[in-house]
Amino acid sequence: MSATLVAEAPEQTGTLADRLPGGILGTTSDDTEKAYLVAADSIMDTLTYLRDTEGYDFLSNLTCVDYQGYNGKQRKGISERFDVVYHLYSTKKGGGPVVLHVPVPSNDTVPSATAVFPGANLQEREVYDLYGIKFEGHPNLRRILLWDGFNGHPMRKDWKEAYFDEDTKPFRSRHPKGSYEFHEDKLPWGKNTTYPAGWDPDSWEAPVAYVPVSQAPKHLNEAHLDTESIVVNLGPHHPSTHGVFRMLTRIEGETILALEPEMGYLHRNHEKIGERNTYLMNMPFTDRLDYLNSMSNNWGYALAVEKLTGIEVPERAEYIRVIMAEFTRIVNHTWSIGFILNDLGALQTPALYAIEEREMILDLFEEVSGARLMCNYFRFGGVVRDLPAGWLKKAQYLANDRLPRALDELDKMLSENEILMARGRGVGYLPAEALISLSVSGPMIRAAGVAYDIRKAEPYGVYDRFDFDIPTLPNSDIYDRYYIRLLEARQSVRILQQALRDIPGGETNGAPAYASATLSQGFGTIMGGKGGYNLRPPEGEAYGRVEGPKGELGFYISSDGKPNPWRYHVRSPCYINLNALGPMSVGYKLADAVVILGAIDIVLGEVDR
Amino acid sequence: MATASPNFPEIKQEQLQPYLHDSIVVPDELQANVLVTTLDKVYNWSRKSSMWPLLFGLACCAIEMIATAASRYDLARFGMEVMRPSPRQSDLMIVSGTVTKKMVPAIVRIYNQMAEPRYVLAMGACATGGGPFKEGYNVVSGIDKYIPVDVYVPGCPPTPEALIYGLLKVHEKVERQSILTVPWYRKDQSEFVPVPRLGPDIFDPRQVELIKETTMKKPAVASAAASGGDAAATHAAGPKEVSSKAKARMEEAKRRAAAKRA
């Protein structure tokens, strides 16, 4: 796990596949991103080996694919229905991932990766919830996005919603009998619900959820006073939880003994809907993930699909993407600074200052995309349209004059503030190694002194052309998490200044070029008919990730060569960063937990998806 | 037969005469200080001028709601800047975002806790009818399936201007109400909305009989055996039965609708 181990490792020979201790069963498609198939009983050895010897210390993504009814050639000879998928990265070396697939038959168990990577905790719970795969040795395996007692595991291919039409879009017809029929009218109760046959609501009793907070130590120390610890619930409707998030805490006095996040109150079935959609249809849905940063989300998704298909992005479009993403980062960071202060009791004033700058940037977004918040501006191979006339001038004014001043102002107003120092210094501490093993990413680890930023570690777009630093701070407390965001916003301004200066002219979308280049392979096989509307990537899978303002935002896409993704998974930084919420809050006061959550900077649309 | 019908407007005018402003004598020295109006007007004006929204954000629309309250769009102009986190102190619930099945019991509970007069504004496509996520298995297609809504604001998300327009519509609604007829001063007019429960899927306690009609129609054993094994045990009743059952349901719904019309 440490740098020394990597350095001492002997000069490696052969391919990684040969060195894996348990060996591999095979590999997936060679055309796209390569993945190793590993047997379930050797996965623990493999993960431990990769972490300790090869330096892959960051379990970025853990998810599952249901291959029932899969017709591609990739699954020839594999009878297991599910694959649990692991994406491992190295925070020391940077570079690409190691992808592992573990085939699992239906109703079988997999050893839980939490023993090696505690960060697998929430992700394994999600897989259990949505696919019903059990993880042996998981400390707290219960449903996370849905509720206890929900019928079935909805991401399985044979699970259909109440409003189910067809497996894939576009539907053959919205008006099969000449007129539109509302789903509500088709069900007697007029709601989006289904009930299992034979279910009797009268005799039914709600199952009692097992909540680990109830098993937490009852006392902090040997009781010198005859006190009792109590469980306090915050949320889902609570002004300090930044949305519909819920925390269960066990406190003694005001000190937290245990804290358990509860989520799913905004679970909008992004992935299930995404599997029914065509590739392009998913683009506006990504806006609604982390709804503060629609542009970065667009980029993450576009990147994954471009990786899968090999669409080239023209130069100008790359610059536009960088500009949009960095503006988004400034929006997010000033917003989050405002709301950290809000949580500390500086009610609204710093947030109002932050929102003022945000509105300026949103005006720019509205001008290019037509929407303030849900921009839906990126496309595979570029952006949807070129910048309007005069846009660059306004953007340059912001980047060169206004934003640096605004950031200085925030800095001057807040950074020396006594309350911020008193409440922030030394609160919510977690060492860097713990954060990495919990799969935490983004500003959170950079505030703990880890200079890991995907823009440098595995550059995408044209980030390798700009001169910028990765700021780090050493203390890993609330104050540093506040301050790192200010520093990062300053770096974004630096990138913006360079990008706005150097932006070349030319095309803004590479999709037409891609379509004509693939003509020889048969128009309609790779790009669908009708002007390339239905993109058909080749069979295989890809994992595209960007450094979103909140951390590593990844999109895992598995294609079977049809116009709809076979599997569409979002590696959400907010969700996975919440792994650290419990460990970070224990031992501090209840009022601190609110700020610790604020400093993680979550957006519920992305937590619950 | 030929007698002219009484001229009701004229009679009304006569009866009203003593109460009309002209006949109230205001002393000269108070002319500049006295304002004569109706009770309804004062009552409604004061209610609409300090309508406190519930500090309650669900999803993306909440961000635009915050932007609306912030300095550029400035809800304070309408006396609405005081957002109350407690339902007991608030008059207006802005349902700002996607309502999920897991969340809806909490929303209904909050609605029940609000003191009357209370208003509900469904902000955005999701709160209005499910929006882009309507087909999702955990999404409620519109909050009006559970609680009454006064104003719908379309958009995904609505711009702050649109939200302000919707809020002004709520104000208009308030202005049209009369203290004589509003339900909250009458006996047995206010009712609690039963809180939906999370079973195998969410269900409304008001619909238990309706649900039982469908789920208990066939013996459980037979249907499990019919659709067969593993899949039937794990997935919900929706999928495979759609072909056979949905037809029956549609017939039933049609019959219901016809009965309603008749």
Side-chain angles (χ1 to χ4, degrees), chain A residues 106-107 132 145-147 149-154 156 158-164 184-202 204 206 236-239 243-244 264-269 272-273 284-285 288 291-292 351-352 355-356 359 372-374 604-605, chain B residues 55-60 62-64 67 70-72 85 98 100 102-103 106 110 130 132-141 145 156-157 159 197-204 207-208 210-216 218-220 223 230-231 234-239 242 246 249-250 252-253:
Chain A
S106 202
N107 297 328
L145 295 175
L146 295 159
W147 58 90
F150 185 83
N151 183 34
H153 300 283
R156 290 187 172 193
D158 56 2
W159 199 99
K160 308 275 162 58
E161 306 93 324
Y163 285 178
F164 173 75
E184 286 93 327
D185 302 336
K186 294 181 193 168
L187 297 165
W189 40 80
K191 291 192 173 90
N192 184 7
T193 52
T194 51
Y195 307 98
W199 178 65
D200 184 6
D202 288 333
W204 168 81
H237 163 66
H238 192 278
V244 283
Y265 295 94
L266 194 53
H267 179 47
R268 302 192 274 198
N269 330 122
K272 187 82 175 175
I273 295 173
F285 281 90
R288 286 151 184 82
Y291 32 76
L292 281 172
L352 286 179
I355 290 172
E356 193 185 339
E359 289 287 343
R372 285 157 49 84
L373 211 58
M374 305 301 176
L604 265 294
Chain B
L55 180 55
F56 176 60
L58 285 178
C60 337
I63 303 296
E64 285 298 63
S71 40
R72 192 188 217 181
T98 315
T100 61
K102 201 170 175 182
M103 189 63 196
I110 290 168
F133 300 99
K134 181 178 175 182
E135 63 195 283
Y137 50 84
N138 192 27
V139 175
V140 171
S141 32
K145 294 263 185 282
C156 189
T159 55
R197 299 183 66 197
L198 294 169
D201 207 331
I202 193 154
F203 68 99
D204 197 328
Q207 290 183 325
V208 161
L210 203 59
I211 293 165
K212 257 165 72 177
E213 255 175 55
T214 312
T215 57
M216 305 294 282
K218 274 186 245 161
S223 83
D230 184 41
T234 51
H235 72 65
V242 160
R249 279 191 203 130
M250 277 159 72
E252 211 168 74

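To find a chain, count down the sequence lines: A is the first, B the second, and so on, and within it residues start at 1. Note that this is a predicted model, so its numbers are computed, not measured.
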Below 4.5 Å, heavy-atom pairs only: which of B:Ile202, B:Leu55, B:Asp204 has the largest tally toward chain A? B:Ile202
Is A:Tyr265 in contact with chain B via its backbone, its side chain, both, or neither, using a 4.5 Å heavy-atom distance? both
Residue, of B:Gly130, B:Ala253, B:Cys156, that accumulates the most heavy atom pairs under 4.5 Å with chain A: B:Cys156
I'd like to verify something: which residue of A:Pro236, A:Pro284, A:Gly243, A:Ala351 has the highest number of heavy-atom pairs under 4.5 Å with chain B? A:Pro236
Under a 4.5 Å cut-off applied to non-hydrogen side-chain atoms, are A:Arg156 and A:Ser106 in contact? yes
Measure distances from A:Leu145 to the heavy atoms of chain B and classify the residue's part below 4.5 Å as side chain, backbone, both or neither. backbone
How close do A:Thr193 and A:Leu187 get, counting heavy atoms only, and between which atoms? O-CD1, 4.1 Å
On a heavy-atom basis, which atom in A:Leu146 and which in A:Pro154 lie closest, and how many Å separate them? CD1-CG, 3.5 Å
So which atom in B:Gly57 and which in B:Ala62 form the shortest heavy-atom distance, rounded to 0.1 Å? CA-CB, 3.5 Å
What part of B:Ile110 gets closer than 4.5 Å to chain A, counting heavy atoms only: side chain, backbone, both or neither? side chain
Aromatic centroids of A:His267 and B:Phe133 separated by under 6.0 Å: no
Among B:Thr159, B:Val139, B:Leu198, the residue with the most heavy-atom pairs under 4.5 Å to chain A is B:Leu198
Side chain, backbone, both or neither: which part of A:Ile355 has a non-hydrogen atom closer than 4.5 Å to chain B? side chain
Select, from B:Lys145, B:Glu252, B:Arg72, B:Glu213, the one with the greatest count of heavy-atom pairs under 4.5 Å involving chain A. B:Arg72
Minimal heavy-atom distance between B:Asn138 and A:Trp147, with the atoms involved, is OD1-CZ3, 3.5 Å
Which answer fits A:Leu373, side chain, backbone, both or neither, if we ask what part of it has an atom under 4.5 Å from a heavy atom of chain B? side chain
Of the listed A:Lys191, A:Lys272, A:Arg288, the one with the largest count of heavy-atom pairs under 4.5 Å with chain B is A:Lys191
Checking heavy atoms, do the side chain of B:Glu135, its backbone, both or neither come under 4.5 Å from chain A? both
Would you please classify the geometry between the A:Trp199 ring and the A:Tyr195 ring as parallel, tilted or perpendicular, with 30° and 60° separating the classes? parallel
I'd like to verify something: which residue of A:Tyr163, A:Trp204, A:Phe150, A:Phe285 has the highest number of heavy-atom pairs under 4.5 Å with chain B? A:Trp204
Interchain contact, B:Ala59 with chain A, by part (heavy-atom threshold 4.5 Å): both
Within the 4.5 Å heavy-atom criterion, are A:Trp189 and B:Thr214 side-chain neighbours or not? yes
To check you understand the geometry: which heavy-atom pair defines the closest contact between B:Ser141 and A:Asn192, and what is its length? OG-CB, 4.1 Å
A:Arg268, part contacting chain B, at a heavy-atom distance under 4.5 Å: both
Would you mind telling me which of A:Leu292, A:Leu266, A:Leu352, A:Leu604 has the largest number of heavy-atom pairs within less than 4.5 Å of chain B? A:Leu266
Decide yes or no for B:Ile63 and B:Pro157: does some side-chain heavy atom of the first lie under 4.5 Å from some side-chain heavy atom of the second? no
